[in-house]
Student: 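Can you keep this structure in mind? I'll have questions shortly.
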Amino acid sequence: SLVVVALIGLGYMVPVLLRMRRVKAYSPVAEDWIWHVALPLVAYVSIATCGFLILRGRFGPLYCVGGAALLILYIGIHNAWDTATWMAVHGRDPQNEPAPPGGANP
């Protein structure tokens, strides 16, 4: 049900958080923490809460589920666009490319 979906989403946030902390080519700023951690956390906790309320026989929280689903969609679009833009601008920076064999500069 919705609670299971929310728990899976929260579980997926753990590897995302670990990857964000391991990245060397880029240091995450506050905006990255908001879009990759805080907003998904709000959405998945909202879905889990609504799932519990629906199990108790209330159906008004379905509007909240719809809002949380739209938030997750918007987060995905924003993060994909942000990543593609960063790669287009910084993808060929010298620090992002592996060193050539023999240490020669191209």
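Position 1 is the first residue of the sequence, and the numbers go up from there.
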Student: Between atom CG of Leu17 and atom CZ of Arg21, what is the distance when rounded to the nearest 0.5 Å?
Tutor: 6.5 Å

Student: Apply the hydrophobic cluster definition, ILVMFWY joined by side-chain contacts under 4.5 Å directly or through others, and give me every member besides Tyr63.
Tutor: none

Student: With rounding to the nearest 0.5 angstrom, report the OG1 to CG distance, Thr83 to Asp32.
Tutor: 8.5 Å

Student: Only pairs under 3.5 Å count here: list side-chain donor-acceptor contacts from residues 45-53, not counting sequence neighbours, and write none if there are none.
Tutor:
residue	atom	partner	partner atom	Å
Ser46	OG	Val42	O	2.8
Thr49	OG1	Val45	O	2.8

Student: According to ring-ring contact (aromatic ring centres under 6.0 Å, His included), who are the partners of Trp35, at least two apart in sequence or on a separate chain?
Tutor: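 Partners of Trp35 under the ring-ring contact (aromatic ring centres under 6.0 Å, His included) test: Tyr74, His78.
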
Student: Supply the members, apart from Ile8, of the Ile/Leu/Val/Met/Phe/Trp/Tyr cluster built from side-chain contacts under 4.5 Å; use none for a lone residue.
Tutor: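 When side chains under 4.5 Å apart are linked, the cluster holding Ile8 also contains Val4.
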
Student: Transitively linked via ILVMFWY side-chain contacts under 4.5 Å: Trp81 with Ile75?
Tutor: no

Student: Are Met87 and Tyr26 co-members of a hydrophobic cluster defined by side-chain heavy atoms under 4.5 Å apart?
Tutor: yes

Student: Taking all heavy atoms of Val37 and all of Met13, pick out the closest pair and write down the distance.
Tutor: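 Shortest heavy-atom separation between Val37 and Met13 comes out as O-CE, 3.2 Å.
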
Student: Check for me, please, whether Leu10 and Leu73 land in the same ILVMFWY cluster - side-chain distances under 4.5 Å, paths through other members count.
Tutor: no

Student: Going by side-chain heavy atoms closer than 4.5 Å, which hydrophobic residues are tied to Leu18, directly or by a chain of links?
Tutor: Val14

Student: Rounded to the nearest 0.5 Å, what separates atom CD1 in Ile77 from atom CD1 in Ile72?
Tutor: 12.5 Å

Student: If the condition is side-chain contact (heavy atoms from CB on, under 4.5 Å), which residues does Val5 pass it with, not counting sequence neighbours?
Tutor: none

Student: Could you state whether Leu41 and Leu2 fall into the same hydrophobic cluster, counting links through intermediate Ile, Leu, Val, Met, Phe, Trp or Tyr residues with side-chain heavy atoms under 4.5 angstrom apart?
Tutor: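 Yes, it is one cluster - the side chains of Leu41 and Leu2 are joined through contacts under 4.5 Å.
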
Student: Report the distance from atom CE of Met20 to atom OG of Ser27, rounding to the nearest 0.5 Å.
Tutor: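 Nearest 0.5 Å value for the CE-OG distance: 9.5 Å.
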
Student: If you look at every heavy atom in Pro15 and Gly11, which pair is closest and at what distance?
Tutor: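 Shortest heavy-atom separation between Pro15 and Gly11 comes out as CD-O, 3.2 Å.
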
